[in-house]
Number of protein chains: 2
Amino acid sequence: MSSKVVTIKEIAKRLNISISTVSRALHDHPSIGLRTKKNVQQLAKELHYEPNQTAIFFQQRKTFTIGVILPQLAESFFSTAISGIEDYASLHNYTVLLAQSYDDETKERQIIETMKHHRVDGILISISKNTSQYDHFESLKKINIPVVFFDRIPKMNNIHYVACNMQTGTSEAVDFLLKKGHRAVGMINGPETLLCSQDRVTGYIHAMRKNRLKYDPSLIISTDLTPESVEDAIDQLLSSRRKTSAIVTFNDYVALDAMQYLKKLKLKINKDIQVVSYANFPLTQFLENAPLASVEQYPYLQGQKAMETLLELIAKKKDDEEGNNTAYFKIILDSKLVISKKN
Amino acid sequence: MSSKVVTIKEIAKRLNISISTVSRALHDHPSIGLRTKKNVQQLAKELHYEPNQTAIFFQQRKTFTIGVILPQLAESFFSTAISGIEDYASLHNYTVLLAQSYDDETKERQIIETMKHHRVDGILISISKNTSQYDHFESLKKINIPVVFFDRIPKMNNIHYVACNMQTGTSEAVDFLLKKGHRAVGMINGPETLLCSQDRVTGYIHAMRKNRLKYDPSLIISTDLTPESVEDAIDQLLSSRRKTSAIVTFNDYVALDAMQYLKKLKLKINKDIQVVSYANFPLTQFLENAPLASVEQYPYLQGQKAMETLLELIAKKKDDEEGNNTAYFKIILDSKLVISKKN
DNA sequence: CTAAAATACGCAACCGTTTGCATTTTAATT
DNA sequence: AATTAAAATGCAAACGGTTGCGTATTTTAG
């Protein structure tokens, strides 16, 4: 068996030349003679030489690996986002170390610890919705590991992030419904702690103002996104003295739960009550009664952009090793209302 | 700024002791005196010492990293599977390096090359449906990197794998339809090259035999899973002289495409024609006309099991460094028909 | 009080590669 | 043929940690 892994040392010995010559030959270094270069490269191929990246990582203090932390892969938004991340990374010869926080702050901290030890070149993270302290992110800054936040952004200053501006899309969504003649547009929103929930409210108000309508706060209801709280929200909306005839839901999961409940209440979707949502799942197009429209958040693009700016930061790191404080990237994609083809 | 990364060397110098003592102290080595141990550990904490894993990986010839290769994350099956993988891995202090092959053999090869260089401790892979040559897998064996295949298994001998036995589920599915009175049950199958496609056929035949019915091969149609080929398949089934009144589709994506097309043909789903599928997407329950039943393939469990056996292999590697040929793990979970709640 | 045993620590090699600098070889010039 | 410039190669340190083995120091036992 044996199958000893071959190293440049081995090659050097066989060719009776020095290790450094082998190393340079393999890198096409100009100072190596053509003949030896050929010899080395050929023998390397014959012996199936494979560079030991762990040695190189160690030596170069660079791993060409970036850590990605997100709440959970099973959620469609995140699995598409990481798809964009991975694609962009592999295009630039970077590799992705993956971990899920499951919205658990403790786990999030552990993961960051692990990634620090692995000496990843950078981190991409969509934070847990339960994270309240941010010192573990600060610690990364201290040891000079660049971080780019995406989608779920902490309320910190001086960070890089890419996110989707939910105002524009929301505004479009509400406007869309108002134009259709609805006067009481309900909103089933997410936790108030999330920035993107607030954005939605702002967008809502903006659309009302634009249409010269009065804004009724009781039509916007915060939930924790569980089916139960969604049902509560619907009960509230329907029992309101105003005739809610349309609902904007926080995302497609919420929309599905909502529509299921509405059906149970014997309300006809998109007839008695119309629904507009966020996320634009590919699967919703197969629904009998899909939301009329959905605000697209471009998860793939977000992932890609995030990776792109991270690589930029990594490249820049060399320039300004001495804290040559660069500006902070705040990349905001506009969300956009996509009207279902069926309508 | 500076923020020099602290090493054990630094600690040693400050405490005026040797590097090796520091190393051992940090590892609670018994031969280190209690006093020095305390000193070292305290100073390490004060200086925020973080072990440089890249150095350790290199030194120990072990990375505690396993590579995961799958066709694409965006597919629900795979994102759930990797969830299981990652959970189990992180539980055992392993880390996951992720890559998508997009069903492209060339990309698959490149990824394997990269992972070899990264010296991952093992690889988990669900192969691309277009992969026809298997030598890149053989090469892994040569350099002693254990591989566990899951879900999509190549037709090779002497490999470890975990998969779902599609026969049982398929058999149950067909049986379910036959019991409902259907006599011509069509099947929209996947590529013949995939083992799991063959399994489905076997399961189909098994159910027919069990019900003492004759098996008509023309009712089983292979596709490449694209919407077009699915539509072709349906055309074929419907134009058959036999009245196809039920269809078993390769998976839920296919089912959705199929049902959409059937609707276009003005056929009433689950009335004119009944559909049973595989995968059991959480989302299908929201469909107006969901498949009557679905064969559950336990992606999370598969991922977990795969990771489990991989770790076992890695552990074993130490034992039999000299090709002490161990047996091959062939772990087969039974698939199971899940009947939709709505029925 | 001394020899032996136990305890605590240091030395140095090693893991595989890269790279600045010194050294040798070759080629060009006079 | 001697001198010099240019081209090719080698030496050795460094990256940060682990570990076998040797040594100094202390403890224990006789």
Side-chain angles (χ1 to χ4, degrees), chain A residues 3-41 43-44 47-65 116-121 143-144 318 321, chain B residues 3-41 43-44 47-65 116-121 143-144 318 321:
Chain A
S3 74
K4 279 269 188 48
V5 183
V6 346
T7 67
I8 54 173
K9 196 187 280 181
E10 172 72 11
I11 297 181
K13 205 195 297 171
R14 295 214 193 193
L15 256 34
N16 206 27
I17 56 181
S18 81
I19 291 180
S20 44
T21 302
V22 175
S23 172
R24 287 191 251 256
L26 290 171
H27 286 82
D28 249 327
H29 193 284
S31 84
I32 299 297
L34 198 62
R35 165 164 295 125
T36 29
K37 218 181 257 186
K38 285 280 171 245
N39 284 341
V40 169
Q41 289 172 354
L43 184 58
L47 298 181
H48 297 107
Y49 166 73
E50 316 255 9
N52 184 335
Q53 287 292 102
T54 66
I56 300 177
F57 291 161
F58 169 50
Q59 210 272 128
Q60 313 265 280
R61 280 170 227 72
K62 175 141 178 54
T63 57
F64 280 97
T65 300
K116 272 206 288 213
H117 295 172
H118 271 251
R119 296 291 198 267
V120 294
D121 291 339
I143 59 173
N144 228 346
K318 282 181 203 140
E321 282 291 44
Chain B
S3 75
K4 278 272 187 47
V5 184
V6 344
T7 67
I8 53 172
K9 197 187 281 181
E10 173 73 13
I11 298 181
K13 204 194 298 173
R14 295 214 192 194
L15 256 35
N16 206 27
I17 56 181
S18 81
I19 292 179
S20 44
T21 302
V22 176
S23 172
R24 286 191 251 257
L26 291 171
H27 286 82
D28 249 328
H29 193 284
S31 85
I32 300 298
L34 197 62
R35 166 164 294 126
T36 31
K37 219 181 260 188
K38 285 278 170 247
N39 284 341
V40 169
Q41 289 171 353
L43 184 57
L47 298 182
H48 298 107
Y49 165 74
E50 315 255 8
N52 183 337
Q53 287 292 102
T54 69
I56 299 177
F57 291 160
F58 168 51
Q59 208 270 127
Q60 314 266 283
R61 282 171 224 72
K62 176 138 177 54
T63 59
F64 281 98
T65 300
K116 272 204 289 212
H117 296 172
H118 271 251
R119 296 288 198 270
V120 294
D121 291 340
I143 59 173
N144 229 346
K318 282 181 204 141
E321 280 292 44

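Identified under the salt bridge (Lys or Arg N to Asp or Glu O under 4.0 Å) test for residues 15-27 of chain B, with sequence neighbours left out: none. Residue pairs satisfying the salt bridge (Lys or Arg N to Asp or Glu O under 4.0 Å) criterion with at least one member in residues 32-41 of chain A, sequence neighbours excluded, are listed as follows: A:D28-A:K37.
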Name each donor-acceptor pair under 3.5 Å that joins a side chain in residues 5-14 of chain B to protein atoms two or more places apart or in another chain, with its distance.
residue: B:T7; atom: OG1; partner: B:K9; partner atom: N; Å: 3.2
residue: B:T7; atom: OG1; partner: B:E10; partner atom: N; Å: 3.3
residue: B:E10; atom: OE2; partner: B:R14; partner atom: NE; Å: 2.9
residue: B:E10; atom: OE2; partner: B:R14; partner atom: NH2; Å: 3.2

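Within residues 30-39 of chain B, no residue approaches DNA chain D, by heavy-atom distance under 4.0 Å.
At least one donor-acceptor pair under 3.5 Å links the side chain of A:Q41 to the backbone N or O of A:A25. Between the B:H27 side chain and the B:H29 main chain, no donor and acceptor come within less than 3.5 Å of each other.
In this structure, A:T54 and B:R119 approach most closely via the heavy-atom pair CG2-CB, 3.7 Å.
Boundaries of the chain B contact region on DNA chain D are D:dC15 to D:dG20, first to last in 5' to 3' order (nucleotide atom under 4.0 Å from a heavy atom).
For the pair B:H29 NE2 and C:dC9 C1', the interatomic distance rounds to 11 Å; values are reported in whole Å.
Overall bending of the helix from C:dC1-D:dG30 to C:dT30-D:dA1, expressed as the angle between end axes built from five pairs apiece, is 50° (10° steps).
Note that CD1 of A:I32 is 8.0 Å distant from CD1 of A:I17, once rounded to the nearest 0.5 Å.
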Write down the protein N/O and nucleotide N/O pairs, taken from nucleotides 11-17 of chain C, whose separation is under 3.5 Å; answer none if there are no such pairs.
residue: C:dC11; atom: N4; partner: B:S20; partner atom: OG; Å: 2.9
residue: C:dT17; atom: OP1; partner: A:Y49; partner atom: OH; Å: 2.7
residue: C:dT17; atom: OP1; partner: A:N52; partner atom: N; Å: 3.2
residue: C:dT17; atom: OP2; partner: A:I8; partner atom: N; Å: 2.8

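Every residue was checked against the side-chain hydrogen bond (donor to acceptor under 3.5 Å, both in side chains) condition with B:H48, not counting sequence neighbours, and none meets it. A:N39 pairs by the side-chain hydrogen bond (donor to acceptor under 3.5 Å, both in side chains) definition with nothing, not counting sequence neighbours. Partners of B:H118 by ring-ring contact (aromatic ring centres under 6.0 Å, His included), not counting sequence neighbours, listed by chain and number: A:F57. For B:K116, the salt bridge (charged side-chain N to carboxylate O under 4.0 Å, His left out) partners are A:E50, B:E113, not counting sequence neighbours. Scored by the ring-ring contact (aromatic ring centres under 6.0 Å, His included) test, A:Y49 finds no partners at all (sequence neighbours excluded).
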